[in-house]
There are 2 protein chains.
Amino acid sequence: MALILTFLGKSASGCSTVAIATAKKLAASGSRVLLVSQDSTPSFDALLNMPAQSFPTEIEPNFELVNLKSSQLLSEIWTEFKDLEAKYLKFPTFKSIYGQELGILPGMDEALALNALRKYQEGGTYDVIIYDGNNTFHTLRMFGIPGILNWYLERFRQIFTESDLGKTLVPLIQPLISTILNTSWTLDDLDKVSSDNILQEGNVALKDSNRVAAYLITTEDKAAIATAKYFWGGAYQVGLSVKGVIINQSSELSVGKYFDFGQLESFSLPKKVGNNWKPLIEALPDFLDKSSTPLSINIDTATSQIKIFLPGFEKKQVKLTQSVSELTIEAGDQRRKIYLPNSLTGKVVKSAKFRNNYLVVSL
Amino acid sequence: MALILTFLGKSASGCSTVAIATAKKLAASGSRVLLVSQDSTPSFDALLNMPAQSFPTEIEPNFELVNLKSSQLLSEIWTEFKDLEAKYLKFPTFKSIYGQELGILPGMDEALALNALRKYQEGGTYDVIIYDGNNTFHTLRMFGIPGILNWYLERFRQIFTESDLGKTLVPLIQPLISTILNTSWTLDDLDKVSSDNILQEGNVALKDSNRVAAYLITTEDKAAIATAKYFWGGAYQVGLSVKGVIINQSSELSVGKYFDFGQLESFSLPKKVGNNWKPLIEALPDFLDKSSTPLSINIDTATSQIKIFLPGFEKKQVKLTQSVSELTIEAGDQRRKIYLPNSLTGKVVKSAKFRNNYLVVSL
């Protein structure tokens, strides 16, 4: 299955430039690469000196490029949805609405992009898929979808099935939802829904840095460094592993000077001169190495301690709330769930301390 | 009612810097100003040399600043929603779910920000509200919500009320929706829903440049100019009027040289030196002038011609589709609806040409 790579950094730190250099490097060494950009403005085209198409197009041997267009993806997915509906519902409701007329609401870009990535990954045509969103904050929101949506489904499922609304609705839409979530369920065993579906699968993939991995991008600018650090923690908040930090447009003086990214491996990239990609390509990390990243969560039931890897934040930026069976870690305007094992369920948080980029919670 | 201002441009062109200078200028001349930023990264804080709070905080006389935090806004709105539900439904469904545990999915940031802007506007505390999003593409998605959501409600309403699902569901959720949309309706007169609600109100406000106005921001960089032009058309695609273009960090040589923004008034801003905002403030436009912007749509029923203001795009970037009573203009990865008057309903598009930034459609 294809490795998905993405780059996180302050805007204009060079994420797109690094993404292109990465695609060139991997393609040259024999990997089949798809670079997925999501930027409908002319900015991205200017970097490659050519307009990016909305379907995969070869631009170098082994290197294909696609620029996701939400209006087109939405039309396509709507057609698929209508086909499913017609197949499973006796009286399909939406057959008279056409994909070409649907407008785009906030959030659709990210949901459609994640779905497109999943399809490219399953298609088996590529070894590496590089995702270059138009804004890191929204890229993290996108990678957060599987975990958060799964939580919503879980949490609202219980409530929903016990309600009047749920009892009325379930028989009507059950066949459709079964198909979309790729699992079968009835009102009585809704528990199964979340155990074996696309979202869970997405969640598991995110946590494996050999399947989905992120690199931080920064320049020597102080705000860019602070922002990259912030995204380091932000990535872990949505379950995405960070494998290294790339200092773009670096001068020799700066190496190891301005920043403190702890154990994270760092790579200095020279400034690109004209159309010469070679020096950048040579300085880039080996993206295919199988080194591991710090364990995101470590639960020690014997000592009732939970260690949560949460780099880039200070204690005052983190808020911890607890319900019977889960902890919610609020940081970077993201909420991450830690599900407590049975032996810790119901125990109350006694203390929470920061130690070497870990939040250590004692129950 | 407060004027809402926003700035559109390629990332790192200085939208946030101009937003701050604008707030300082207007506050100094006596307007009560709220600057609403939506950037949880450390980037924005660095510009003002202070951390922005998630509640309005005075930082100069007449100048308050708030940095929207989605997790907090979501918790607040969930509490409001539960109160409404408890009031109108005999068996409220969601009372056991707490706002503090809800995760943030893509799209929520924009929906929550638009709702926050509406509340600040209605509150009457401010004369001018400046919105500084973290990415122009997503800012446009946000301003597109009223028009597009309204279209979805309209279009799906017909389908929905005729379906099994609709007939089952409406009696259960009717009181709640009535309250949210601030109108009353029954299954039989659902037509009324969209005529008098918040979304329509939002739509009307957007079209009045004395209530909501945007300015383009660019530097002398070619990609930044091309991107600003693209957002010029993108703004009109979501119903937002553009009143001028600001050339940030401009050198004297460049004035009027690099760009072609047609009739749009342009303003050259010098580069900010240290913490000296004065030269920027002096070069900014008079944001309170009541000059009008080009009419977005002009329908001439006598000649069966529709003129649509669509700057910044070429013909090949625009796609036109037609249904019986509406045209869909696809450009900038946005779909905009033109509703045909009765006298033109059913007529087929004969030709579509670009003339002076207008798309001229003959029926």
Side-chain angles (χ1 to χ4, degrees), chain A residues 10-12 39-43 46 69-71 91 93-94 96-98 100-111 134-135 137-138 141-142 144-145 147-149 151-152 155-156 159-160 163-165 168-169 172-173 222-223 226-227 230-231 321 323 326 328 330 332-335 337, chain B residues 10-12 39-43 46 69-71 91 93-94 96-98 100-111 134-135 137-138 141-142 144-145 147-149 151-152 155-156 159-160 163-165 168-169 172-173 222-223 226-227 230-231 321 323 328 330 332-337:
Chain A
K10 186 174 184 305
S11 54
D39 185 353
S40 64
T41 74
S43 309
K69 205 178 159 190
S70 297
S71 46
F91 304 103
T93 308
F94 300 124
S96 67
I97 294 179
Y98 296 94
Q100 298 91 306
E101 56 179 335
L102 300 178
I104 298 157
L105 289 167
M108 289 185 176
D109 301 288
E110 290 78 18
N134 73 358
N135 176 269
F137 186 79
H138 289 89
R141 285 278 189 257
M142 181 190 81
I145 293 176
I148 293 168
L149 198 55
W151 178 86
Y152 270 97
R155 192 78 176 80
F156 280 73
I159 306 291
F160 185 68
S163 73
D164 285 6
L165 201 61
T168 318
L169 211 55
L172 286 169
I173 57 166
K222 272 185 188 175
T227 304
Y230 177 91
F231 287 138
T321 48
S323 71
E326 61 189 47
T328 303
E330 187 175 317
D333 213 6
Q334 285 283 8
R335 288 186 179 131
K337 301 290 167 185
Chain B
K10 186 174 185 305
S11 53
D39 185 353
S40 65
T41 74
S43 308
K69 205 176 159 191
S70 296
S71 45
F91 305 103
T93 307
F94 300 125
S96 68
I97 294 178
Y98 296 94
Q100 298 91 306
E101 56 179 337
L102 300 177
I104 297 157
L105 289 167
M108 288 184 177
D109 301 288
E110 290 78 18
N134 74 356
N135 177 270
F137 187 78
H138 289 88
R141 285 279 189 256
M142 181 190 82
I145 293 176
I148 293 168
L149 198 54
W151 178 86
Y152 271 98
R155 192 79 177 79
F156 279 74
I159 307 293
F160 185 68
S163 73
D164 285 7
L165 202 61
T168 319
L169 212 55
L172 287 168
I173 58 168
K222 272 186 188 172
T227 304
Y230 176 89
F231 287 138
T321 48
S323 71
T328 303
E330 187 175 317
D333 214 4
Q334 285 284 8
R335 289 187 179 131
R336 170 192 192 181
K337 301 290 169 186

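Letters go in sequence order (proteins before strands), and every chain restarts at 1.
- Contact count versus chain B (heavy atoms, under 4.5 Å) is highest, among Leu105(A), Leu102(A), Ile148(A), for Leu102(A).
- Per-residue counts of heavy-atom pairs under 4.5 Å with chain A were compared for Ser40(B), Gly107(B), Ser11(B), Ala223(B); the largest is that of Ser40(B).
- Residues Thr41(B) and Asn134(B) are not in side-chain contact: their nearest non-hydrogen atoms beyond the backbone lie 4.5 Å or more apart.
- Here Glu110(A) is the residue among Glu110(A), Glu326(A), Met142(A) with the most heavy-atom pairs under 4.5 Å with chain B.
- Between His138(B) and His138(A) there is a side-chain heavy-atom pair separated by less than 4.5 Å.
- If you measure heavy-atom distances from Asp39(B) to chain A, you find no contacts under 4.5 Å at all.
- You'll find the side chain of Pro106(B) stays beyond 4.5 Å of the side chain of Asp109(A), heavy atoms only.
- Looking at Arg141(A) and Gln334(A), their side chains come closer than 4.5 Å, going by heavy atoms from C-beta outward.
- At a 4.5 Å heavy-atom cutoff, the contact between Thr321(B) and chain A is made by side-chain atoms alone.
- Neither the backbone nor the side chain of Ala111(B) has a heavy atom closer than 4.5 Å to any heavy atom of chain A.
- Proximity of Trp151(A) to Glu101(B): side-chain heavy atoms (C-beta onward) are separated by under 4.5 Å at one or more points.
- Looking at Lys69(B), the atoms closer than 4.5 Å to chain A (heavy atoms on both sides) sit in the backbone and in the side chain alike.
- For chain A, the nearby part of Glu330(B) is the side chain; its heavy atoms alone come within less than 4.5 Å.
- Side-chain contact between Ile104(A) and Asp333(B): present, with at least one pair of heavy atoms (C-beta onward) separated by less than 4.5 Å.
- The CD1 atom of Ile145(A) lies 12.5 Å from the OH atom of Tyr152(A); values are rounded to the nearest 0.5 Å.
- With respect to chain A, the highest number of heavy-atom pairs below 4.5 Å among Gly332(B), Ala12(B), Ser323(B), Ser43(B) belongs to Ser43(B).
- For a residue to count as touching a neighbouring chain, one of its non-hydrogen atoms must lie under 4.5 Å from one of that chain's; by this rule Thr328(B) touches chain A with the side chain only.
- For the options Gly144(B), Ala226(B), Gly103(B), heavy-atom pairs under 4.5 Å to chain A are most numerous at Gly103(B).
- Side-chain contact between Ser70(B) and Met108(B) is absent, with no heavy atoms from C-beta onward closer than 4.5 Å.
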